[in-house]
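Contents: one structure, followed by commentary.
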Amino acid sequence: MLKYANPTLFLGLVSRVWPWLAGLSALALAIGLWGAFFSAPPDYQQGQTVRIMYIHVPAAWLSMFCYAAMTASALGTLVWRHPLADAAQKAAAPIGAVFTFICLVTGSLWGKPMWGTWWVWDARLTSVLILFVIYLGLIALWRTIEDPSRAARAAAILTLVGVVNLPIIKFSVDWWNTLHQPASVFRLGGPTIAPSMLWPLLVMALAFTLIFTTLHLLATRNEILRRRVRRLSIQAAAAGHAPEAPAHRLTPTRVSS
Amino acid sequence: MKRTGPLAALFLREIRVARRIGGGGAMGVMFFLALVTIVPFAVGPDLNLLSRIGPAILWIAALLATLLGLDRLFQADHEDGSLDLLLSADTPLELVVLVKCLAHWTATGLPLVVAAPLFGFMLAQEPAAMAALAVSLLVGTPALAMIGAIGAALTVTLRRGGLLMAILILPLAIPILIFGVSAASAATSATTPFVTPFLILCALSLAALALAPFAAAAALRHMSE
Amino acid sequence: MATARFASFRLIAEDLSLERGGRKLLAHVDLALESGQALAITGANGAGKSTMLRALAGLLPPAQGRVRLVGAPDEDVASHAHYVGHLDASKPTLTARENLVFWQAMLSLREWRTALTPQDALARLGLPHVADLPVGYLSAGQKRRVGLARLLLAPRPLWLLDEPTTALDRAAQAIFAGCMRDHLAEGGIIVAATHAPLGIDAQHLELGAPQAALAAPQAALT
């Protein structure tokens with residue numbers, strides 16, 4: 001596995017693996033959606049709206065999983081100064097933000113029939129909202145700092161600071177929430193979940209994880225290629241002659257050949 | 001020849017610079033006053049309402065006042081070349097960060113703490129509430145400065161890093177805000193005790209003092225390469 | 001004054017390679033300077049003079065190789081070097097004396113006690129009258145000299161100077177050349193990046209044009 005830490009080998013691995021991953025993702029998603037919308041029964045209290053859960057819960061899970069992946073990459077950036085970790089971390093942030101956003105939107109859609117309002121300052125919703133803002137901050141940091149390796153280290157430090165802070169934030173929000181309002185009405189269809197509802201949920205979680213992996217590998221590959229284009233453009237500028245083609249036409253295939 | 005220690009010299013220099021540019025703490029207090037002045041125009045002059053949300057207003061004002069001044073904390077040193085020398089000085093950068101934050105807090109945070117009870121009058125706070133507010137700000141604002149220092153270090157090379165810094169730092173400041181406001185408003189409410197949120201606030205503040213210098217110093221080292 | 005204040009030091013750079021923003025600036029440079037020796041680095045704009053000084057000062061980790069100062073504890077360069085960059089590291093609102101007192105406290109090494117006072121250092125550089133003026137009031141050349149006064153009030157064996165004489169008039173250049181000669185006579189080492197002649201005996205290193213190795217794009221990706 002370690003030898004794929006070499007960017008060139010990594011690119012080769014991605015181009016071989018991603019079609020399979022994409023196919024598996026589509027298959028798992030198809031099975032999961034069929035299970036969620038046709039096989040699983042409606043909830044005895046919530047009715048059909050419970051089906052939002054099959055999107056909402058996996059998205060919530062992935063929003064945290066993605067941050068964990070970014071934390072691992074951040075350590076790779078700071079401790080080993082590995083360029084692949086930079087690219088992996090940068091690629092993960094927007095994907096994590098989108099999953100977090102999906103989680104917020106589906107939560108809001110679910111909240112309307114359940115609580116009668118699109119948004120409540122429920123402890124969980126609030127924590128996810130804060131996570132979303134942290135994702136946006138990381139993306140903004142990346143977009144603002146020009147030099148990629150410097151941006152990567154800044155984002156890595158902020159990611160680690162976030163990891164230390166997230167449990168504190170979660171605890172604070174829970175405390176604040178119990179202070180301000182009685183315990184939340186949000187409950188997941190009772191104490192246990194029926195097997196007929198559980199398996200589509202697990203398949204959906206698997207599908208989301210596969211989608212994340214596929215997107216993340218491809219986004220990391222794009223990031224590596226983007227940096228090579230940048231590097232070559234800078235070298236061309238330093239060599240004193242303009243690149244034969246404008247920078248934006250240096251296509252990835254040509255660069256990596 | 002009498003020689004002051006490097007950290008004492010740094011503290012003195014920071015205070016002097018703060019005093020000579022914009023009058024140091026006076027600017028923060030004026031900002032505080034301006035914010036407190038506009039809030040009743042937004043929520044109405046109802047004294048009951050103002051007395052209920054007063055601690056929250058003052059805490060948000062303190063948060064913003066701290067943040068607004070912090071983006072220059074390391075940037076000024078970066079722009080005039082001082083940061084390179086501080087980085088290569090014998091004194092550990094973590095201590096340099098800590099002393100700079102303490103000096104910044106002394107120049108801008110402490111005046112806010114002192115002024116807060118005055119503004120409490122304008123927001124119909126009872127004496128007990130004002131005392132609780134001042135104490136909670138005294139304990140909480142150093143933590144805000146320390147967390148802000150991480151953002152200031154991350155954005156040190158950016159020309160207009162202030163807005164980005166606020167985006168990065170505000171989510172991290174939520175715990176301080178929650179327990180600061182809880183402690184401040186506990187004095188007037190019968191339901192919640194003052195001690196619990198206050199002690200948690202103290203813990204958060206100590207943790208920030210202990211940990212934030214390492215994060216900020218690491219950021220400075222990486223950013224100024 | 002001209003006795004050897006510094007024990008014998010050797011500045012050694014081995015196999016030094018530097019990169020800046022994905023661009024190779026310097027490859028496999030070896031360097032060795034003894035106490036009392038000076039090195040002038042010249043080269044076109046962008047050749048990497050400033051980058052090399054920053055790397056010697058420990059402000060920029062080299063892509064390859066290392067720099068050490070034999071004779072210093074742990075052979076650590078940063079804590080025994082003065083780095084004078086393009087900027088003067090002075091606060092415009094503080095007086096020259098306040099700035100210098102601060103840097104003296106910050107940069108002094110414990111083992112050396114014989115240093116000039118800020119007033120004496122300013123006098124040595126021909127600026128005895130500005131000590132109590134805010135640096136913001138001074139001209140560019142005067143600001144530069146306040147920055148250079150740092151070198152005199154916290155003795156450190158290695159001076160790393162980036163264009164030290166820009167903005168200095170001829171008289172000030174001569175004064176500063178005298179300071180550099182004294183430093184070398186005391187056993188110090190000077191590395192200066194410069195376009196103009198320094199006015200001291202120095203070895204010479206000319207950096208070539210930046211190396212644009214368009215080949216081997218798979219080497220690294222930053």
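Note on naming: letters A, B, ... go to the chains in the order of the sequence lines (proteins, then strands), and numbering restarts at 1 for each one.
Proximity to chain B (any heavy atom under 4.5 Å) is restricted, for L78(A), to the side chain, taken from C-beta onward. Interface residue L204(B): only side-chain heavy atoms are found under 4.5 Å from chain A. Residue I168(A) touches chain B through both its backbone and its side chain, counting heavy-atom pairs closer than 4.5 Å. Only the side chain of R81(A) comes within contact range of chain B, judged by heavy atoms closer than 4.5 Å. Both the backbone and the side chain of L154(B) come within less than 4.5 Å of a heavy atom of chain A. Using a 4.5 Å cut-off between heavy atoms, L172(B) contacts chain A through both its backbone and its side chain.
One distance of note links CD1 of I167(B) with CD1 of I134(A); it measures 13.0 Å at 0.5 Å rounding. One finds the CD1 atom of I157(A) at 10.0 Å from the CZ atom of R221(B) (value rounded to the nearest 0.5 Å).
Per-residue counts of heavy-atom pairs under 4.5 Å with chain A were compared for A215(B), P197(B), A218(B); the largest is that of P197(B). Chain A forms more heavy-atom pairs under 4.5 Å with one residue of I147(B), I176(B), L164(B), T157(B) than with any other, namely L164(B).
Partners of Y54(A) by ring-ring contact (aromatic ring centres under 6.0 Å, His included), not counting sequence neighbours: none found. Residues satisfying the ring-ring contact (aromatic ring centres under 6.0 Å, His included) criterion with F214(B), sequence neighbours excluded, are absent altogether. Looking at residues two or more places apart in sequence or on another chain, you find a ring-ring contact (aromatic ring centres under 6.0 Å, His included) between W119(A) and W121(A).
Nearest heavy-atom pair, R153(A) versus H222(B), reported as atom, atom and distance to 0.1 Å: CD-ND1, 3.2 Å. Between I130(A) and P171(B), the shortest heavy-atom contact is CG2-CB, 4.0 Å.
Within a 6.0 Å radius of CG in L163(B), other residues, nucleotides and ligands contribute 12 heavy atoms or fewer. Within a 6.0 Å radius of CZ in R52(B), other residues, nucleotides and ligands contribute 12 heavy atoms or fewer. Around CZ of F31(B), the count of heavy atoms belonging to other residues, nucleotides or ligands within 6.0 Å exceeds 12. Within a 6.0 Å sphere centred on CD of E79(B), heavy atoms belonging to other residues, nucleotides or ligands number more than 12.
Inspection of non-hydrogen atoms places no residue of residues 63-77 of chain A under 4.5 Å from chain B.
Between F179(B) and W175(A), the ring-plane angle classifies as tilted under the 30° and 60° cut-offs.
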Check: Could you go step by step and tell me if I200(B) and F171(A) meet the side-chain contact (heavy atoms from CB on, under 4.5 Å) rule?
Finding: CA-CA 11 Å; I200(B) 297 175; F171(A) 160 76; 4.1 Å; yes
